[in-house]
Amino acid sequence: AKNSILPKTLHGLSNWMLLWTGLGIIVSAYALYVETQFELNPDYVAACDINSVISCTKVLDSKFAKGFGLVEPLLGADSVLNQKNALYGLVVYFILSILSRFSSPPLVHLNLYIVYGIIAGSFYLFIILLHLRTICLVCYLTYAVNIGLFVNARRRMNTVDQLLRGEKSYRKHD
């Protein structure tokens, strides 16, 4: 009976994965919008700018908002990899949204490994945020999305692994 529940569980987890990636796309698109508006008009005040301490533009305008603050010193400001972090976010969330529709073990594992990378990047950016002494609501929303993705990706992988173990034990009884 447990094995008949697992495919439904996997389908539900895949839908949750799609929800988390969708939220990530929305938050990244908003961050990209704020950055672009601020570049065009330095007097632009974003909805996430509450005061001098709670300000997403303060963070999104920092040297760490492009290439994670690492690409420019290593490869130069003109490097094709020196893109806005929010653009990286859009790309990665989009890739994860596609991967979430597949339940083959290699793709579910790839999905999880990408999420591990996202978590590492989030941890790094959180340390930067502490260094900047700023509260960034967009950043915190991104971290929440990434934690949701992490929990969900782990559960998907565990479910796929359970399904595989169930198939192997079923085949042994034939």
Holding to side chain to side chain donor-acceptor pair (under 3.5 Å), I want the full list of residues that pass it with [X], two or more places apart in sequence or in another chain.
{"X": "Ser14", "answer": "Arg156"}
{"X": "Asn111", "answer": "none"}
{"X": "Asn15", "answer": "His11, Arg101"}

Look at the aromatic rings of Tyr113 and His109 and report parallel, tilted or perpendicular, splitting at 30° and 60°.
->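 Answer is tilted, since the angle falls between 30° and 60°.
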
Residue list, ring-ring contact (aromatic ring centres under 6.0 Å, His included) with Tyr30, at least two apart or on another chain |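 Listed in chain order: nothing, the list is empty.
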
Salt bridge (Lys or Arg N to Asp or Glu O under 4.0 Å): which pairs involve residues 103-128, sequence neighbours left out?
->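 Not a single pair qualifies under salt bridge (Lys or Arg N to Asp or Glu O under 4.0 Å).
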
Would you mind listing every salt bridge (Lys or Arg N to Asp or Glu O under 4.0 Å) that reaches into residues 17-37, with sequence neighbours excluded?
-> none

Using the side chain to side chain donor-acceptor pair (under 3.5 Å) rule, collect all pairs that involve residues 75-86, keeping only residues at least two apart or in two chains.
->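 Matches after skipping sequence neighbours: Glu39-Lys84.
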
How would you list, by chain and number, every residue that makes a salt bridge (Lys or Arg N to Asp or Glu O under 4.0 Å) with Lys58, sequence neighbours excluded?
-> none

Salt bridge (Lys or Arg N to Asp or Glu O under 4.0 Å) partners for Glu72, two or more places apart |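 Listed in chain order: nothing, the list is empty.
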
Would you give me the side-chain donor-acceptor pairs under 3.5 Å for residues 115-131, sequence neighbours excluded?
from: Tyr116; atom 1: OH; to: Arg154; atom 2: NH1; distance (Å): 2.9
from: Ser122; atom 1: OG; to: Ile118; atom 2: O; distance (Å): 3.0
from: Ser122; atom 1: OG; to: Asn146; atom 2: ND2; distance (Å): 2.7
from: Tyr124; atom 1: OH; to: Phe68; atom 2: O; distance (Å): 2.7

Going by the disulfide bond (SG atoms under 2.5 Å apart) test, which pairs reach into residues 65-164, not counting sequence neighbours?
-> Cys136-Cys139

Inter- and intrachain pairs under ring-ring contact (aromatic ring centres under 6.0 Å, His included), touching residues 32-66, at least two apart =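 Output for this query is empty, none listed.
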
